[in-house]
Amino acid sequence: MICAVLGSALLLGSVAALAASTDRLKAFVEQTRSASADFSQTVVDRSGKEIQQASGRLQFSRPGKFRWTYDVPYEQLIVGDGTKLWIFDKDLNQVTVRKLDDALGASPAALLAGDNAIEKNFDLKNAAAKDGLEWLEATPKSSETTFEQIRMGFKGADLDTMELKDQFGQLTVIRFTDLKRNPALPPDLFTFTPPQGADVIGE
């Protein structure tokens, strides 16, 4: 049985670590105006069975501009241009477009590419350190979102992993590598023109 003195020391250490996780998110948002990173994405169902793997590249310029490029297993492009959200499925030659404010809201993209008012859309809660990362939980305040909970794991000052739990019990794990903060990104990265002949659905 752990003695009271050691138990108190461990408790104080845990509290200090937990306090750091939400502070790191806020510092990341405040100090990161743009970023680029490679990512790998794994989706598992509620039973823990892996149902999808994907990879690609993320770039964003805050507030409201981002570009998610999926290369594997199929090519898909998601662009937020500050006003509209564009989703292009190359295989289907189909474009879906929505107003960005409606789509961003309490989505995972809002935590990375939204404005500084994170706590307007999310309840933030510190979580225990795990796998060498400091974790926090972000719960959307709005019920009109696909995700019930978002966990973010930080390694030092940098975002390493996001875990997204949806309303169907599926868990999406996104791991970032080669993260570069505040690179100079060309504006045309965040513009999108539907390809000629593509079906355009939405606004």
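Residue indices begin at 1 and follow the sequence shown. Note that these values count all heavy atoms, side chains included, but never hydrogens, waters or copies made by symmetry.
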(request) Give a yes or no on whether Y70 and V97 share a hydrophobic cluster (residues Ile, Leu, Val, Met, Phe, Trp, Tyr; joining criterion: side-chain heavy atoms under 4.5 Å apart). (result)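 No, separate clusters.
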
(request) State whether the side chain of T42 and the backbone N or O of V173 hold a donor-acceptor pair below 3.5 Å, judged by distance alone. (result)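 Such a contact is absent between T42 side chain and V173 backbone.
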
(message) Please verify the inter-ring angle class for F192 with F88; under 30° counts as parallel, over 60° as perpendicular, anything in between as tilted.
(response)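 Correct class here is tilted.
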
(message) To the closest 0.5 Å, what do you measure between NZ (K155) and CZ (F176)?
(response)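 If we round to the nearest 0.5 Å, K155:NZ and F176:CZ are 13.5 Å apart.
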
(request) State, to 0.1 Å, how close A37 and L179 come at their nearest heavy-atom pair, and which atoms those are. (result)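 Taking A37 first and L179 second, the nearest heavy atoms are CB-CD1, 3.8 Å.
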
(request) Please examine the side chains of I87 and I78, heavy atoms only from C-beta on, and report whether any two atoms are closer than 4.5 Å. (result)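 The answer is yes, as the side chains (C-beta and beyond) meet within the 4.5 Å cut-off.
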
(message) Do V43 and Y74 land in one hydrophobic cluster if side-chain heavy atoms of ILVMFWY residues count as linked below 4.5 Å?
(response)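 Per the 4.5 Å side-chain linkage, V43 and Y74 are not co-clustered.
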
(message) Within this structure, what is the CD-OG1 distance for the pair E163 and T172, rounded to the nearest 0.5 Å?
(response)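 Output value for this atom pair is 10.0 Å.
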
(request) Answer with yes or no whether the hydrophobic clustering places L159 together with F60; edges join I, L, V, M, F, W, Y residues whose side-chain heavy atoms lie under 4.5 Å apart. (result)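 Cluster IDs for L159 and F60 match.
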
(request) Find out if a path of hydrophobic residues (ILVMFWY) with successive side-chain heavy-atom gaps under 4.5 Å connects I150 to V44. (result)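 Not linked; separate clusters.
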
(request) Applying side chain to side chain contact (heavy atoms under 4.5 Å, CB included), run through T139 and K125 and close with a yes or a no. (result) CA-CA 8 Å; T139 304; K125 178 183 176 182; over 6 Å; no

(request) Drop me the distance from T161's OG1 to D131's CG, to the nearest 0.5 angstrom. (result)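 T161 atom OG1 to D131 atom CG measures 8.5 Å (nearest 0.5 Å).
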
(request) For the pair K65 and L185, evaluate side chain to side chain contact (heavy atoms under 4.5 Å, CB included) and give the outcome as yes or no after the intermediate values. (result) CA-CA 11 Å; K65 296 183 178 181; L185 299 175; over 6 Å; no

(request) Would you give the length of the straight line joining atom CG of D71 to atom CZ of F39, rounded to the nearest 0.5 angstrom? (result)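 D71 atom CG to F39 atom CZ measures 7.5 Å (nearest 0.5 Å).
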
(message) Restricting to side chain to side chain donor-acceptor pair (under 3.5 Å), what partner residues turn up for D123, sequence neighbours left out?
(response)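 So D123 forms no side chain to side chain donor-acceptor pair (under 3.5 Å) with any residue.
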
(request) Show your reasoning for whether side chain to side chain contact (heavy atoms under 4.5 Å, CB included) applies to Q52 and Q41. (result) CA-CA 8 Å; Q52 186 187 72; Q41 177 176 305; 3.9 Å; yes

(message) Please check: side-chain N/O of W135 versus main-chain N/O of K130, any donor-acceptor pairing under 3.5 Å?
(response)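 Confirmed, W135 side chain pairs with K130 backbone.
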
(request) Would you confirm whether D45, through its side chain, and S47, through its main-chain N or O, come within 3.5 Å as a donor-acceptor pair? (result)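 Answer holds: yes.
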
(request) Could you tell me which non-hydrogen atom of R33 sits nearest to which non-hydrogen atom of P63, and how far apart they are? (result)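 Heavy atoms only, the tightest pair is NH2-CD, 3.9 Å.
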
(message) When you group the ILVMFWY residues by side-chain heavy-atom contacts below 4.5 Å and let the links chain together, are I174 and F147 in the same group?
(response)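 Yes.
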
(message) The test is side chain to side chain contact (heavy atoms under 4.5 Å, CB included); show your working for T191 and D81 and say whether it passes.
(response) CA-CA 6 Å; T191 61; D81 63 11; 5.5 Å; no

(message) Between N182 and Q31 (side chain of the first, backbone of the second, donor and acceptor by atom type, cut-off under 3.5 Å), is there such a pair?
(response)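 Answer holds: yes.
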
(request) Compare every heavy atom of L189 with every heavy atom of R67, then report the nearest pair and how far apart it is. (result)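 Smallest heavy-atom distance, with atoms named: NH1-O, 2.7 Å.
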
(message) Please find the pair of heavy atoms, one from D89 and one from L92, that lie closest to each other, and give the distance.
(response)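 Looking at all heavy atoms of both residues, the closest pair is OD1-N, 3.1 Å.
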
(message) Would you say that more than 12 heavy atoms from the other residues, nucleotides or ligands in this model lie under 6.0 Å from the CZ of R175, or not?
(response)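 Open: at most 12 neighbouring heavy atoms sit under 6.0 Å from CZ of R175.
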
(message) According to salt bridge (Lys or Arg N to Asp or Glu O under 4.0 Å), who are the partners of E148, at least two apart in sequence or on a separate chain?
(response)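 Residues passing salt bridge (Lys or Arg N to Asp or Glu O under 4.0 Å) with E148: none at all.
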
(message) Tell me whether R62 contacts the main-chain N or O of T32 through its side chain, where contact means a donor paired with an acceptor under 3.5 Å.
(response)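 Checking the backbone N and O of T32 against the side chain of R62, a donor-acceptor pair under 3.5 Å is found.
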
(message) Could you report the tightest heavy-atom contact between F190 and Q59, atom names first, then the distance?
(response)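 Heavy atoms only, the tightest pair is CE2-O, 3.7 Å.
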
(request) Would you name the heavy atoms of R57 and S36 that are closest together and state the gap between them? (result)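 In terms of heavy atoms, the two residues are closest at NH2-OG, 3.3 Å.
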
(request) To the nearest 0.5 angstrom, please state how far the NZ atom of K90 sits from the CD atom of Q76. (result)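 CD of Q76 is found 13.0 Å from NZ of K90.
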
(message) With a 3.5 Å distance limit and no angle check, can you tell me whether R98 reaches the backbone of G202 through a side-chain donor-acceptor pair?
(response)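 Checking the backbone N and O of G202 against the side chain of R98, no donor-acceptor pair under 3.5 Å is found.
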
(message) With rounding to the nearest 0.5 angstrom, report the CG to CZ distance, L112 to F66.
(response)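 Atom-to-atom, L112:CG and F66:CZ are 9.5 Å apart.
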
